[in-house]
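Everything on this sheet refers to the single structure shown next.
Heavy atoms only: backbone and side chains are in, while hydrogens, waters and symmetry mates are out. What you see is a predicted model; the values in this text were computed from it and never measured.
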Amino acid sequence: MSAPPPIGAYRALLRLYPRNFRDEYGPDMALLFADQLRDEPAARVWVRGMVDLAITVPTRHLEAHMNRPATPVVPLLFVVVSLTGVCVALIGGSSLGMLAVGLSVATVTGALAAAAWRHTRPVAVARSATAHWWKFLTGGAGVLVAVIILTTATGEVDDSMWWPMVITVVGALLLLVTGLVLGVARLTGNHPHNARS
């Protein structure tokens, strides 16, 4: 006897889980879903089920890979793409389209680098000076975006504002470089507290 279409669809979605988890818990999850559909409105059950899948599928995959040795290749790849986006934004800064594309790529891949890095580190990592690298990175990017928006909105920069603008841009670039250096150090495991021991 085949399952009703909603249960079949839910069972198909359960294939997103790692095989070991799916084999152990899949039948019980499908049975629970069927019971909930019988007792509650279908829309509520589906919304709750989709939220649960969105949260638990990545978690279960992470748990499945926790015993594997961590590799920083994926986060470093995202960092390289993010840096490329920053370069595109800086080089094509006079064109709003290039600026928007470059900053969008840099922001999205920077966030993906941070998320990927979190998944590669061991669960019990001691906090160090490099733990807040992303604050420097986002601070520098935020200041650069603010300067670009301000100069685009006002047009030409007055002579009296030229040096403060240059100092602000240099400061933002220093924040970006600091964030990138600390981030790479964090990703590769070259923590300052390790150097002392």
In this structure, CG of L31 is separated from CD of Q36 (nearest 0.5 Å) by 10.0 Å

Check whether any side-chain heavy atom of F21 sits under 4.5 Å from a side-chain heavy atom of M29, and report yes or no.
yes

Is it possible for you to say whether F78 and V80 belong to one hydrophobic cluster, with membership spreading through side-chain heavy-atom contacts below 4.5 Å?
no

Taking atom CZ of R48 as the centre, report whether more than 12 heavy atoms of other residues, nucleotides or ligands fall under 6.0 Å from it.
yes

With a 4.5 Å heavy-atom cut-off, do F136 and L174 have their side chains touching?
no

I'd like to know if L32 and V47 are part of one continuous hydrophobic network [Ile/Leu/Val/Met/Phe/Trp/Tyr, side-chain heavy atoms within less than 4.5 Å].
no

Side-chain contact, heavy-atom cut-off 4.5 Å: L137 with L176?
yes

In terms of heavy-atom contacts, V86 and A106 come closest through CG2-CB, 3.6 Å

Identify the heavy atoms of T109 and S82 that sit nearest to each other, and give their distance.
OG1-CA, 3.0 Å

Single-linkage hydrophobic cluster, 4.5 Å side-chain cutoff, L83 and L77 together:
no

Does any non-hydrogen side-chain atom of L90 lie less than 4.5 Å from one of L173?
yes

Closest non-hydrogen contact found for A172 with L144 is CB-CG, 3.7 Å

Quick one, L13 and V57 - any side-chain contact, counting heavy atoms below 4.5 Å?
no

Geometric class of the W46/F33 ring pair [parallel <30°, tilted 30-60°, perpendicular >60°]:
perpendicular

Could you tell me if the side chain of V143 sits less than 4.5 Å from the side chain of T168, heavy atoms only?
yes

Looking at OG1 of T138 and CG of L175, how far apart are the two atoms once the value is rounded to the nearest 0.5 Å?
9.0 Å

To the nearest 0.5 Å, atom OH of Y17 lies from atom OG1 of T59 at 8.5 Å

